Every structure is written in structure tokens, then in C-alpha cells.
Enquirer: 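Have a look at the structure that comes next, please.
Chain letters run A, B, ... following the sequence lines, proteins first and then strands; every chain starts at 1. Predicted model, so just to flag it, every value in this text is computed and none were measured.
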Amino acid sequence: MNPKGACTIVGVGETAVGKLPEMTTLGVQLEAIGRAVKDAGLGPKDIDGLLAIQPSNDPQRSYALTVAQAAGIHPSYATDLAIGGATPVAMVAHAVMAIVTGLCSTVVCVLGHKQATGRLEPRHGRLRDGNEDFEEPFGLLGAPAVHACVAARHMHEFGTKSEQFAAVAVAMRRHASLNANATMRKPITIQDVLESRWVVKPFHLLDCCLVSDGAGAVVVTSADRAHDFPKPPVYIWGFGEGHIAGPLQSSSLTTLGGKQASEMAYRMAGVRPKDMDFAQIYDCFTAIVMVTLEDYGFCAKGEGGPWVENGRIEIGGDLPVNTHGGLLSQGHIEGMLHITEAVKQLRGHSVEPERQVNDAKLGIVSGHGASLSAHATLILGREKP
Amino acid sequence: MGEYLKPLPSKNLDDKPLWDSCKNHSMALQRCASCGQFRYPPRSLCPNCHATETEWRPVSGRGRVYVSLVMCHSYGPAWEKDVPYNVSIIELEEGVKMWSNVIGCPPDEVKIGDAVVLVYEDVTEEISLPKFRPAGHQTP
Ligand SMILES: [Zn+2]
């Protein structure tokens with residue numbers, strides 16, 4: 001069956017983002033869940049599905065059950081998902097699958113972590129990626145380096161310039177400056193990005209995302225009940241995933257899993273890139289936004305550099321991207337807040353008026369992670385398809 | 001020479017032959033005995049044909065730079081004296097890519113497409129790391 005339009009998002013919850021030293025890692029999840037369930041006009045007994053992810057700063061077994069028990073939820077469907085920064089978007093898709101197959105009726109998807117003040121919680125080790133033996137002895141350390149490979153290849157293959165990556169950072173910062181719940185709100189210029197210190201060439205510091213504490217959650221339920229809730233429902237039109245070989249095995253570092261994932265989502269939803277009023281693109285690093293916009297068909301492969309310049313991806317431009325400020329400037333909650341922001345844009349009257357996309361009807365959300373390997377796409381709409 | 005502080009490969013059942021061959025300064029890579037495809041890192045199943053039989057073949061040691069990065073941020077005391085240092089993806093003649101370092105030249109001078117040759121760095125009694133230096137001249 002095509003699950004297009006079968007489910008809606010009826011509640012969203014966000015914590016403050018930034019530094020939350022007074023809260024535990026479990027505590028941030030619970031705050032986001034409490035807010036999302038309340039936003040949907042529901043209580044703990046109304047929730048029968050829960051999707052979570054082991055926080056990388058506090059890994060533990062069957063985290064979804066820990067969270068469910070603490071939140072008073074007794075689910076008939078619960079599990080942890082683990083595909084890096086693609087996880088929140090994939091959670092929404094998995095929630096739809098669980099609902100349409102009858103496993104449960106109302107799912108909370110939650111992601112929270114304390115990367116700023118929480119690493120590492122006492123008594124826990126860190127989650128390994130599995131390829132450390134072939135990376136760390138050579139000093140390949142940290143997320144920026146693997147992603148810098150994408151930037152380096154994009155520059156080599158297509159002549160992309162540092163100024164063009166910087167345009168992404170400038171747009172995200174402008175949007176964050178309009179968001180009360182954003183960490184970095186002082187506007188920046190292309191020159192500021194180029195003059196920030198090198199982290200790993202070709203990335204400057206301002207090409208790289210923030211490190212944050214915080215959490216987000218959404219409530220997904222059947223579209224049959226869409227009007228039983230206090231806020232306007234947002235319909236799930238389409239979704240897809242595309243997970244590719246690792247950076248050593250992949251035939252390209254400038255086309256990632258977003259191509260396959262978005263093609264699947266467009267097909268399910270019956271829409272095209274030009275139908276989108278905005279895009280929430282996983283922006284761990286500036287170059288990933290550019291490559292994802294290409295993979296999503298907003299411009300041809302290799303044309304992302306000039307395409308993102310001159311305000312096209314800013315509010316008021318052709319395709320506003322990350323209207324909340326993204327991982328680069330709002331805060332890094334692994335993309336869960338890309339989803340909550342998309343829902344708020346489509347509801348209308350839910351964000352500061354200065355960053356509301358005019359008459360937003362359809363938006364696309366990307367999730368990306370696991371050292372370039374994971375990708376998930378979600379298409380959301382204001383109307384029932 | 002003080003204690004070596006950087007991370008070392010842990011040598012598991014799948015990849016021990018690789019690290020042993022590097023120790024002998026004659027790096028061998030795993031090659032599928034069925035379809036002939038080289039693979040890296042070493043694994044027990046061929047991702048191309050799912051055969052489990054493998055052989056270990058010495059490599060030519062010639063390759064090209066596929067990506068070159070300059071690491072400017074130190075991820076701990078062990079790296080402080082090294083920054084800025086080069087990290088590259090090297091595409092070997094045999095068709096596989098590996099993470100390594102191009103050494104013997106300033107890190108900024110390493111460019112995509114440069115020809116490189118394999119050298120070994122004996123970092124401990126047990127481990128020699130496969131690294132690369134620029135090949136004298138660049139062939140078209
Ligand atoms: Zn094979």
C-alpha cells in the first residue's frame with residue numbers, strides 16, 4: 001500500500017537548546033515528550049508507540065523502554081533506531097509503518113542528547129562507529145574531517161568555492177537571528193566565515209555545526225483522527241531512505257544517499273522539487289546542504305555552489321532552507337528540530353512572523369549521518385493529499 | 001623515544017594479516033578468491049559476490065590521492081605537535097581506497113590526483129602503519 005497521507009503529526013515538543021547543565025540526558029528527552037504530548041492535547045495513557053535513539057553521550061540498552069517507563073507510556077511498539085543523523089526523519093517513517101500495520105495508534109518519536117555539557121555521563125563508554133582501526137591511527141578524527149572530504153571533492157569536480165559554502169552558513173545564521181530558541185543569533189558575513197579558523201581544510205570553523213544539549217519530540221497518529229487535536233494537523237505525504245557504502249567504498253563523495261531517498265519520497269508523495277515551499281536540510285556542515293539540495297533535484301549536480309548564493313536559500317528567497325537556523329546556528333539536536341520546525345511552518349502562526357514562510361503548503365526534510373552513509377527524507381504537507 | 005600515545009589498530013581476526021604484512025613492510029590486501037575483487041578494510045565476506053574464500057596479495061604500493069585534507073584542530077595531546085597534518089584517502093592501483101597520511105612534504109602541497117608510493121612508519125614494536133609519500137613526479 002502507499003502510505004501517502006495515512007498519518008499526521010499532531011504534536012511537537014522542543015526543549016531549550018544550548019547548554020543545559022541542570023538537566024540529565026534522560027531529563028531532556030522527558031521534557032520534549034511532555035511538551036509534544038501536551039501540544040497534541042493528550043496524556044501518557046494515549047500514547048502506545050515510542051521510538052528513541054541511544055544518546056551517544058549516554059549509551060544504554062533498550063533506551064526506548066527506559067524512556068517509555070519514565071514517561072508512563074506502555075507501548076505496543078517501541079524500539080531504538082540508530083542511523084545517525086538520519087534517525088529522526090526515519091523515526092517518523094517508522095511510526096507511519098507501525099500505525100498503518102496496526103501495531104499501535106499513536107507514536108512519540110524522541111531524540112535528545114547532551115553533547116555540550118553531558119559528555120560523557122558517568123559510568124558509560126562511548127558508542128563506536130566500527131571503523132576506528134582504519135581511521136584513528138592516521139589521525140582521521142572527528143566528524144568534520146569525513147565531511148570535509150565531500151567539500152574537497154565538490155571543489156575538485158565542480159570548481160565550488162569556499163565563498164559558496166560560506167553562503168550556507170550566512171543563511172542559517174540569518175534564520176537563527178530570528179529564532180528566540182537559537183544559540184548563535186549574531187548575523188555573520190561571508191568574510192566572517194572565511195576568516196574563522198581552519199578546523200580541517202577546506203572547512204573553516206563556521207562551516208561546522210554547533211555542539212548542543214537539548215531534545216525534540218513529535219507525536220504521529222492516523223489521519224483518520226486528524227481533527228481530534230487542538231493544533232492543525234500536518235500530513236505525512238512521503239518518505240524514503242537511501243543508505244550508501246562508506247566513504248572508502250562509495251563510487252562518489254558528491255552524490256550521497258539523498259538521491260535515492262528523495263526519489264522514493266517524491267514518488268510516494270506524487271510531487272516534485274518545484275512544489276516545495278521550503279526545505280529543512282540536515283546541515284552538520286555547509287557542504288552537506290549543497291550536496292543534498294543537488295541530490296534532491298533542486299539544482300543539477302555540481303551547480304549547488306552558485307545556486308545557494310545571493311539569498312536564494314534565505315527566507316524570502318526561492319527556497320528557504322532551515323528556517324530555524326539549523327545545526328549550524330540554532331543548535332545540534334541531530335535534525336529532530338528540522339522536523340518540529342517544518343511542522344510549525346506548515347501549521348502557520350507558530351514561529352516568529354519574521355521567519356514564517358509565506359503560505360507554506362509543502363516542505364521537505366532531510367536527515368543525514370553515519371559518516372556520510374545514512375540518509376532519510378520526509379515530505380510534509382498542510383493539506384490532506 | 002617516549003611512549004606512543006596515538007590510537008593503534010586493535011588487530012582482530014579479520015584484519016590481523018593486514019597489520020602483520022605491514023609489520024613486514026610488504027602490505028598485502030585481502031582479495032576475493034572467487035571474483036577477484038580486492039576489499040578494504042578486511043572482512044570475512046566478499047561484498048561483491050558473498051564468497052568467503054580469500055587470499056592475501058601484496059600490493060604494488062602505487063596509488064593516487066583521492067582526497068587530501070589538512071587537519072588543523074588537535075583532537076588530544078597525542079596530536080598537538082602534529083597539527084597541521086595531512087589526512088588523505090589514497091586510491092591504490094588495486095582499486096581500493098584507504099585512509100592514510102601523505103608524509104614527506106608540507107600538508108598543503110598534497111593535491112587530489114597526485115601520484116604517491118607506499119612507505120611504512122614503525123610506530124611500535126608490534127605495529128607499522130602504511131603511509132604514503134609523493135612519487136617523484138606526476139604522470140598524466
Ligand atoms: Zn567476491
Enquirer: Does A/Lys161, at its NZ atom, have more than 12 non-hydrogen atoms belonging to other residues, nucleotides or ligands within less than 6.0 Å?
Expert: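 No.
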Enquirer: Please name all residues satisfying side-chain hydrogen bond (donor to acceptor under 3.5 Å, both in side chains) with A/Glu309, sequence neighbours left out, ordered by chain then number.
Expert: A/Gln164
Enquirer: Shorter than 4.5 Å, heavy atoms on both sides: which option in B/Pro9, B/Pro84, B/Gly76 has the most such pairs with chain A?
Expert: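 The answer is B/Pro9.
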Enquirer: Listed by chain and number, what are the side-chain contact (heavy atoms from CB on, under 4.5 Å) partners of A/Leu210, not counting sequence neighbours?
Expert: A/Thr183, A/Met184, A/Ser212
Enquirer: Only pairs of heavy atoms separated by less than 4.5 Å count here; which of A/Leu253, A/Val200, A/Leu248, A/Val199 has the most with chain B?
Expert: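 Most heavy-atom pairs within the cutoff with chain B belong to A/Leu248.
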Enquirer: Run the side-chain hydrogen bond (donor to acceptor under 3.5 Å, both in side chains) test against A/Asp80 and tell me which residues pass, sequence neighbours left out.
Expert: none
Enquirer: Verify the neighbour count for atom CG of B/Leu5: are there more than 12 heavy atoms of other residues, nucleotides or ligands below 6.0 Å?
Expert: yes
Enquirer: Hey, can you dump all donor-acceptor pairs under 3.5 Å between chain A and chain B, distances included?
Expert:
unit_1, atom_1, unit_2, atom_2, d
A/Asn131, OD1, B/Arg43, NH2, 2.9
A/Asp133, OD1, B/Ser10, N, 3.3
A/Asp133, OD1, B/Ser10, OG, 3.3
A/Asp133, OD2, B/Ser10, N, 3.3
A/Asp133, OD2, B/Ser10, OG, 2.5
A/Phe138, O, B/Asn101, ND2, 2.8
A/Gly139, O, B/Tyr85, OH, 2.7
A/Arg153, NH1, B/Tyr66, O, 2.8
A/Val199, O, B/Cys72, N, 2.9
A/Val199, O, B/His73, N, 3.2
A/Lys201, N, B/Val70, O, 2.8
A/Lys201, O, B/Val70, N, 3.4
A/Lys201, NZ, B/Asp108, OD1, 3.1
A/Lys201, NZ, B/Asp108, OD2, 3.0
A/Gln249, NE2, B/Tyr40, O, 2.8
A/Ser250, O, B/Lys97, NZ, 3.0

Enquirer: Considering only heavy atoms from C-beta outward, does the side chain of A/Pro137 approach that of B/Leu8 to under 4.5 Å?
Expert: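 Not in contact.
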Enquirer: Which heavy atom in A/Ala145 sits nearest to a heavy atom in B/Leu69, and how many Å separate them?
Expert: O-CD1, 3.2 Å
Enquirer: If I measure from the heavy atoms of chain A, does B/Pro130 come under 4.5 Å with its side chain, its backbone, both, or neither?
Expert: both
Enquirer: Check whether B/Ile127 gets within reach of chain A through its side chain, its backbone, both or neither, counting any heavy atom under 4.5 Å.
Expert: neither
Enquirer: Just wondering, do B/Pro42 and A/Phe134 contact through their side chains at under 4.5 Å, heavy atoms?
Expert: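 Touching, per the 4.5 Å side-chain cut-off.
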Enquirer: With a 4.5 angstrom heavy-atom cut-off, is it the side chain or the backbone of B/Ile89 that approaches chain A, or both, or neither?
Expert: side chain
Enquirer: Which one of A/Gly139, A/Ala152, A/Pro144, A/Ala148 has the most heavy-atom pairs closer than 4.5 Å to chain B?
Expert: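 The residue among A/Gly139, A/Ala152, A/Pro144, A/Ala148 with the greatest pair count is A/Gly139.
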